[in-house]
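All of these numbers come straight from a predicted model, not from anything done at the bench.
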Amino acid sequence: MERSFVVPIEEYGSFHHTTGLLMLTIGSTIYLSLAEGTDSAPTLRAGTIVTEDGGGWVVDFAGGLPPTEGLEAAAFGEVRGKFYAHQVRLSGFSGGEGAPTRLRMEMLSEPKPADKRQIFRVSVRHMRLTARVGREKNCPVLDMSAEGIALIAKEKYRVGEHIDLTMNVEKVELAGRARVQSVRQTTDGQFRYGLLISQRKGEMRKALQTISSRIQRQQLQAAAA
């Protein structure tokens with residue numbers, strides 16, 4: 001069974017042919033944008049549509065989600081290589097953080113082309129990327145966005161402090177100063193940092209945008225394959 005949305009053909013141009021329908025089928029991957037806190041950029045969580053349920057879908061998230069009953073959020077689907085956004089309301093949770101989660105997504109809006117300027121964190125833990133922070137090498141990078149990164153380091157820094165940051169991903173070099181936005185000590189005595197690249201039009205921000213966009217595209221395409 002397919003969940004279809006009627007979309008004006010003229011709004012989406014050559015994407016549509018004669019029907020003007022955007023369709024996601026059972027088994028399709030859908031991405032939910034959730035932030036861990038008010039100061040955090042949203043992270044995309046991949047789920048699988050298991051059935052249609054009235055005005056929405058029932059979706060499984062293998063990695064688990066925090067309970068957010070009644071929350072309104074953005075969900076994204078890929079059709080023919082392009083991503084479209086829907087506003088959804090979440091309900092019917094089972095499972096939870098760290099365990100497989102099933103929930104219902106009620107569709108609140110028609111699909112719209114995903115805004116490329118939106119800032120999403122992309123988890124890169126599995127890629128084993130590392131960065132140099134100050135004099136410390138091989139700091140594990142946890143996630144990235146077009147504005148900053150999160151990583152683990154042994155040295156202690158203060159919120160608001162500017163530190164040297166260097167990393168290289170697929171021949172794209174990121175080098176310059178980053179601002180410590182958040183810090184949390186881990187159970188093993190190290191520190192988890194959220195770092196912001198504050199110069200919006202500088203070469204460092206441009207390199208970070210290139211890296212994070214490339215990784216996000218690779219992950220979304222791999223999950224949708």
Verdict with reasoning, Val180 to Arg158, per side-chain contact (heavy atoms from CB on, under 4.5 Å): CA-CA 7 Å; Val180 178; Arg158 302 183 307 274; over 6 Å; no

Verdict with reasoning, Val50 to Ile26, per side-chain contact (heavy atoms from CB on, under 4.5 Å): CA-CA 6 Å; Val50 295; Ile26 304 305; 5.6 Å; no

Worked check of side-chain contact (heavy atoms from CB on, under 4.5 Å) between Leu151 and Leu165: CA-CA 11 Å; Leu151 52 73; Leu165 173 67; 4.1 Å; yes

Val169/Leu174 under side-chain contact (heavy atoms from CB on, under 4.5 Å): CA gap, chis, key distance, verdict: CA-CA 8 Å; Val169 181; Leu174 174 72; over 6 Å; no

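The hydrophobic cluster of Leu196 has no other members, since no ILVMFWY side-chain heavy atom comes under 4.5 Å of it.
Of all the heavy atoms in Ala73 and Ser33, the pair that sits closest is CB-O, 3.8 Å. The two atoms that bring Gly134 and Tyr157 nearest to each other are CA-OH, 4.2 Å, heavy atoms only. Minimum interatomic distance between Thr29 and Ala46 (heavy atoms only, all atoms of both residues): CG2-CB, 4.1 Å.
With sequence neighbours left out, Arg205 forms a side chain to side chain donor-acceptor pair (under 3.5 Å) with no residue at all. Judged as a side-chain contact (heavy atoms from CB on, under 4.5 Å), and not counting sequence neighbours, the contacts of Arg177 are His162, Asp164. Under the rule for a salt bridge (Lys or Arg N to Asp or Glu O under 4.0 Å), Glu173 has no partner lying at least two apart in sequence or in another chain. Annotation: side-chain contact (heavy atoms from CB on, under 4.5 Å) contacts of Val172 (sequence neighbours excluded): Ala207, Thr210, Ile211, Arg214. Residues satisfying the side-chain contact (heavy atoms from CB on, under 4.5 Å) criterion with Thr186, sequence neighbours excluded, are Ile152, Asp188, Gln190, Arg192. Among residues two or more places apart in sequence or in another chain, the salt bridge (Lys or Arg N to Asp or Glu O under 4.0 Å) test is passed with Lys206 by Glu203. With sequence neighbours excluded, the residues forming a side-chain contact (heavy atoms from CB on, under 4.5 Å) with Lys156 are Phe191, Tyr193, listed by chain and number. Residues passing the salt bridge (Lys or Arg N to Asp or Glu O under 4.0 Å) test with Arg104, sequence neighbours excluded: Asp53.
Note on residues 56-76: pairs passing salt bridge (Lys or Arg N to Asp or Glu O under 4.0 Å), not counting sequence neighbours, are Asp60-Arg102, Glu72-Arg89. Identified under the ring-ring contact (aromatic ring centres under 6.0 Å, His included) test for residues 165-188, with sequence neighbours left out: none.
At distances below 3.5 Å, not a single donor-acceptor pair connects side-chain atoms of Glu155 with backbone N or O atoms of Glu136.
Between Leu108 and Val88 the shortest side-chain heavy-atom distance does not fall below 4.5 Å. Counting heavy atoms from C-beta outward, Met105 and Leu90 have side chains that approach closer than 4.5 Å.
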